[in-house]
Student: 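Below: one structure in structure tokens.
Chain naming here is simple, since letters A, B, ... match the order of the sequence lines and numbering starts at 1 in each.
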Amino acid sequence: MWDTDIPEILHTYILFMPKPYNPSLVEPKWQKRWEEAKLYEVDLSKAKKPFYNMVMFPYPSGDKLHVGHWYNFAPADSYGRFMRMKGHQVFEPMGFDAFGLPAENYAIKTGVPPAQSIAKNVETMIEQLKRIGCMYDWSRMVNTSQPEYYRWTQWLFLKMYEHGLAYKKLASVNFCPSCQTVLANEQAQDGRCERCGTEVVQKQLNQWFWNTRKYAQRLLDGLEGLDWPEKTKIMQRNWIGKKEGIDITYSIKNTNDSIVCFTTRPDTNFGATFIVIAPEHPFAQKIAEGAVASPHHREVKSYLEMARKKTELERQAEGMKKTGANTGYVAVNNLNGQEMPIWVSDFVLAGFGTGAVVGVPGHDLRDFQFAKAFTLPIRRVVVGPDGDTSNIEREEQVQEEAGIMIHSEFLDGLSILDAKEKIKDYLEKKGWGKRVVSYRLRDWLVSRQRYWGAPIPIVYDPEGKPHPIPEKHLPWLLPTDVEFKPTGESPLKHSKEFIKRTEKLFGKGWTPEFDTMDTFVCSSFYYLRYLRDLSPGTFDSSHRSQVTGLIDPHIEKTWMPVSMYIGGPEHACMHLIYARFVMMALHDLGYVKHQEPFQKLVHQGLITNQGAKMSKSKGNVVSPDSFVERDGSDVFRMYLMFMGPFTDGGDWSDTGIKGISRFVQRMAKFMGEKVNTNTKSEQNKALLQGLNRSIKSVTESLETLHFNTAISALMQMLNLLEEQGSVDSDSAKTVVKLLAPLAPHLAEELWEQLGGEGFVVDQHWPAYDPALIASDTVTYAVQVNGKLRGTVDMPADAVKEEVVEAARKQENVAKYLVGEVKKEIFVAGKLVGFVV
RNA sequence: GCCGGGGUGGCGGAAUUGGUAGACGCGCACGACUCAAAAUCGUGUACCCACAAGGUGUGAGGGUUCGAUUCCCUCCCUCGGCACCA
């Protein structure tokens, strides 16, 4: 930035050179005053126009706040300030999603207990957050790793269990053989361990699940009434993956067994030539175990073994290549007596539908590939709408939209859509099939074989039967006498205190559940705990007193759902589904009135650096600190907002921050030197018009979260003010109000200088007068044959004839008006067009 | 492969019930101030063209229209999500 031969002392001087407006003095001053006045603490019980303004709470990492935090939090706060000035009681909470892997990994590396490192991180993070200057009500902070919080995480588990929404079953987990630890799905991306890169294997363990599938339809239906990005709704719809189809039962020849196949395309069933079952399918297991004799026993057995051992990585490497084994059995298609060999293949997923599919290679790409791999017959039963009878060897024969049935007896000639309904009716009438709805959404696996999480409030009697821990024993404290070095087992197993505690309370031979809960459980209800009852005596230091409920029903009724929720789109199919599910369950259990937690949702864009996502491992994380130190919080936050549309994000570059810094200095200078004692009536027309236009423009921009255009409108206003040379005090105050949501510190300072009463953030948002926006004269564009040939200034009230007349007289226009004018176009206030 | 977003000056971006494309800012150029620089202020800045006039121009090609960044069709590129979901 500077020539290298400038001495160091001069650098420092330039950096701290006195400026008309010095944020390093002004910003702390106002932050202190806001805090002293408890300006942002909201009495929840007294709100008439509540506005619950929330951002996704951060993880308290040991690193400093990064640009991404600022880009999320600062604009969200600007919106909250705007809503406050519009007359709402804005509640803006902040908290910490404090359980989770990074702290545990840090503990494994250094031996520092997570509780310790997290407490320290939270403390420093609060200090950093305060420097942004947001309207956070710190009196209502939450920290999910504290007993008074996770008490409710455990309470939630108990309620789920009590109402049959939590159950335990055998399931496979990701396991890293090198680290000797279970991995969360996020840690096992692309089939490799996040920490050491070893290939992840699957391990069978007894796991707790929450029954999200039960809510699949309601999760789908509820989306309709939400003010959410359409993109996010689509992602959730796809994730839930509702499919209407039919379960068809096929009897297996020479056995008493049958196989049920789920299909959405029963119309093509006359083209079925084989059946494929998943390796985990009971019939496949039977063969492997020898419970059912098969000439292919050995092949099936070794195939199942191979499929089980296959790592996710190998699976992906395989791509669409089909493998499988013939069971030697055949199923019979009731429709036409066709015998269909039953195969086992891992392209069929055990977790979807019935874990068995009917192979129609003529009209399904995967079935086609399978048939090709094992030379099974391919039969066409649909032709394209244009009567296309394509080559049987061609792959692309998947007609999903339209097509005509052939070789299908009573379906022949029907469109696939009509045939689909007719065959379903037929199969149901015959008792061979049953219409079903299938969902892609799985039940939520909430067990984690990790230390740093909320312990699952379950104990086992000596027979191993689970029992819920009575509520009076909550919080069920996370033990501290644990070893952090991975041993391949849940760390809680090594706590003597934990086991002793359990036996003391429940009896000899009783054992606690050693798993903890997924951190997404903690974050699935935190919006309710922000609203918790803070009155004294509700929670004593022993954590054992009778605690008021999860949430006061009256507060929940007035404050929920969250009015505006801002956070990254990466949670579309995780946190944002879990939270909706939990809210619905709590509603059904009678604890809350609303069913949806977040009425309006907005995703901020992603800030990248040199095109890549900022990450510690890539070493491209940009720290806001030096910018904030030099230019102040207001400048930095406005710069982020000015970069482009809030929902777009963008690639980081500091080249333009100077422009915002100049704007702030100029604004402060102008307001400090050029405000006169005139009254409003003495203002000139141009100023009045500019002011009203600015109000309109800034208001509309903020309403739609277009912070970039709000700032540009303010810049235009300042340009106008400087052109005018001076301004009356009332108008100056209006400009400062417009500035307040975007540059809160600067606005308070200027408001004080101008002699404003109270805090600027408590002022009413200015209104504009539409009559003052219109100008006396309008510039008309004049086009000939659609091409611009000139402009003409006319009085605003000029009628068509006058404007056209004036336009014709324009020298440059007249030049082009040769020959007959066929048509005259007049758009009031905008344009005149001639067609010759 | 499927679903969704997006392609506008040197750069970030503005403007869409179709009506003067490029607001605002950065950068750049020139000028003022200064011994000089920084900072600040002023002027200019889509491209072609010596100016004017004119022409070209919102990813590419086509269409509708007096007029298209905006509407329709075909294609290309790019970003995000899901991915053997029957």
Student: How is A:Asp651 classified with respect to the nucleic acid when contacts are heavy atoms under 4.0 Å: base, sugar-phosphate, or nothing?
Tutor: nothing

Student: Using only heavy-atom distances, decide whether a donor-acceptor pair under 3.5 angstrom links the side-chain of A:Glu570 to the base of B:G81.
Tutor: no

Student: I need a per-nucleotide contact map over nucleotides 7-15 of chain B, read 5' to 3'. Cutoff is protein heavy atoms under 4.0 Å; write B for the base, S for backbone only, - otherwise.
Tutor: -----BSS-

Student: Would you please indicate if the ring centroids of A:Trp239 and A:Tyr578 are separated by under 6.0 Å?
Tutor: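 Judged by ring-centre distance (under 6.0 Å), A:Trp239 and A:Tyr578 do not meet the cut-off.
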
Student: Taking side-chain contact (heavy atoms from CB on, under 4.5 Å) as the test, write out the residues that go with A:Glu700, two or more places apart.
Tutor: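 In terms of side-chain contact (heavy atoms from CB on, under 4.5 Å), with neighbours along the sequence ignored, A:Glu700 is linked to A:Lys696, A:Glu703, A:Tyr768.
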
Student: Need one value for A:Val276: base, sugar-phosphate or nothing, where a base atom within 4.0 Å counts as base even if backbone is also close, heavy atoms only.
Tutor: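 Since no nucleic acid heavy atom lies under 4.0 Å of A:Val276, the category is nothing.
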
Student: How far does the C1' atom of B:U70 sit from the matching atom of B:G18, given to the nearest Å?
Tutor: 6 Å

Student: Side-chain donor-acceptor pairs under 3.5 Å in residues 340-353 of chain A, sequence neighbours left out?
Tutor:
{"residue": "A:Ser345", "atom": "OG", "partner": "A:Thr323", "partner atom": "O", "Å": "2.7"}
{"residue": "A:Ser345", "atom": "OG", "partner": "A:Phe347", "partner atom": "N", "Å": "3.3"}
{"residue": "A:Asp346", "atom": "OD1", "partner": "A:Tyr303", "partner atom": "OH", "Å": "3.4"}
{"residue": "A:Asp346", "atom": "OD2", "partner": "A:Lys310", "partner atom": "NZ", "Å": "2.6"}

Student: Over all strands shown, is A:Ser653 touching base, sugar-phosphate only, or nothing at heavy-atom distances under 4.0 angstrom?
Tutor: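 The residue A:Ser653 makes no contact with any strand.
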
Student: With P as the reference atom in both, quote the distance from B:C77 to B:A68 in angstrom, rounded to an integer.
Tutor: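 My reading of the P atoms in B:C77 and B:A68 gives 28 Å.
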
Student: Who passes side-chain hydrogen bond (donor to acceptor under 3.5 Å, both in side chains) against A:Thr264, sequence neighbours left out?
Tutor: none

Student: Between A:Phe374 and A:Phe274, does the ring centroid distance fall short of 6.0 Å?
Tutor: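 Centroid separation for A:Phe374 and A:Phe274: 6.0 Å or greater.
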
Student: Between A:Glu224 and A:Arg237, does any NZ, NE, NH1 or NH2 come within less than 4.0 Å of an OD or OE carboxylate oxygen?
Tutor: yes

Student: Using a heavy-atom cut-off of under 4.0 Å over every strand shown, decide if A:Lys822 touches base, sugar-phosphate, or nothing.
Tutor: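 Touches nothing.
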
Student: Could you pull out all residues at least two apart from A:Thr232 that satisfy side-chain hydrogen bond (donor to acceptor under 3.5 Å, both in side chains)?
Tutor: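 With neighbours one apart ignored, the set is A:His603.
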
Student: Side chain of A:Thr264: nearest nucleotide among B:U40, B:A86, B:C84?
Tutor: B:A86

Student: Check side-chain hydrogen bond (donor to acceptor under 3.5 Å, both in side chains) between A:Trp444 and all other residues, then give those that pass, not counting sequence neighbours.
Tutor: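 Once residues adjacent in sequence are excluded, the partners of A:Trp444 under the side-chain hydrogen bond (donor to acceptor under 3.5 Å, both in side chains) criterion are A:Asp518.
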
Student: Quick one: label A:Gln716 by what it contacts on the DNA or RNA (base, sugar-phosphate, nothing), any heavy atom closer than 4.0 Å.
Tutor: sugar-phosphate

Student: Looking at residues 826-836 of chain A, who's got a heavy atom less than 4.0 Å off RNA chain B?
Tutor: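 Per residue number, the list reads A:Val827, A:Lys830, A:Leu831, A:Val835.
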
Student: Would you write out the dot-bracket form of RNA chain B, 5' to 3', with Watson-Crick and G-U pairs under 3.5 Å, [ ] for crossing pairs, | for pairs to other strands and . for unpaired bases?
Tutor: (((((((..(((......[....)))((((((.......))))))(((.....)))..(((((..]....))))))))))))....

Student: Can you name the residues that form a side-chain hydrogen bond (donor to acceptor under 3.5 Å, both in side chains) with A:Lys231, not counting sequence neighbours?
Tutor: none

Student: Can you name the residues that form a ring-ring contact (aromatic ring centres under 6.0 Å, His included) with A:Phe670, not counting sequence neighbours?
Tutor: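 With neighbours one apart ignored, the set is empty.
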
Student: In B/S/- notation, 5' to 3', how is nucleotides 42-58 of chain B contacted by protein heavy atoms closer than 4.0 Å?
Tutor: -----------SSSS--

Student: For A:Phe642, enumerate each residue passing the ring-ring contact (aromatic ring centres under 6.0 Å, His included) test, keeping only those at least two apart in sequence or located in another chain.
Tutor: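 In terms of ring-ring contact (aromatic ring centres under 6.0 Å, His included), with neighbours along the sequence ignored, A:Phe642 is linked to no residue.
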
Student: Between B:U20, B:C3, B:C82, which nucleotide gets closest to the side-chain atoms of A:Arg440?
Tutor: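 That would be B:C82.
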
Student: What's A:Thr791 touching, base or sugar-phosphate or nothing? Going by heavy atoms closer than 4.0 Å.
Tutor: base

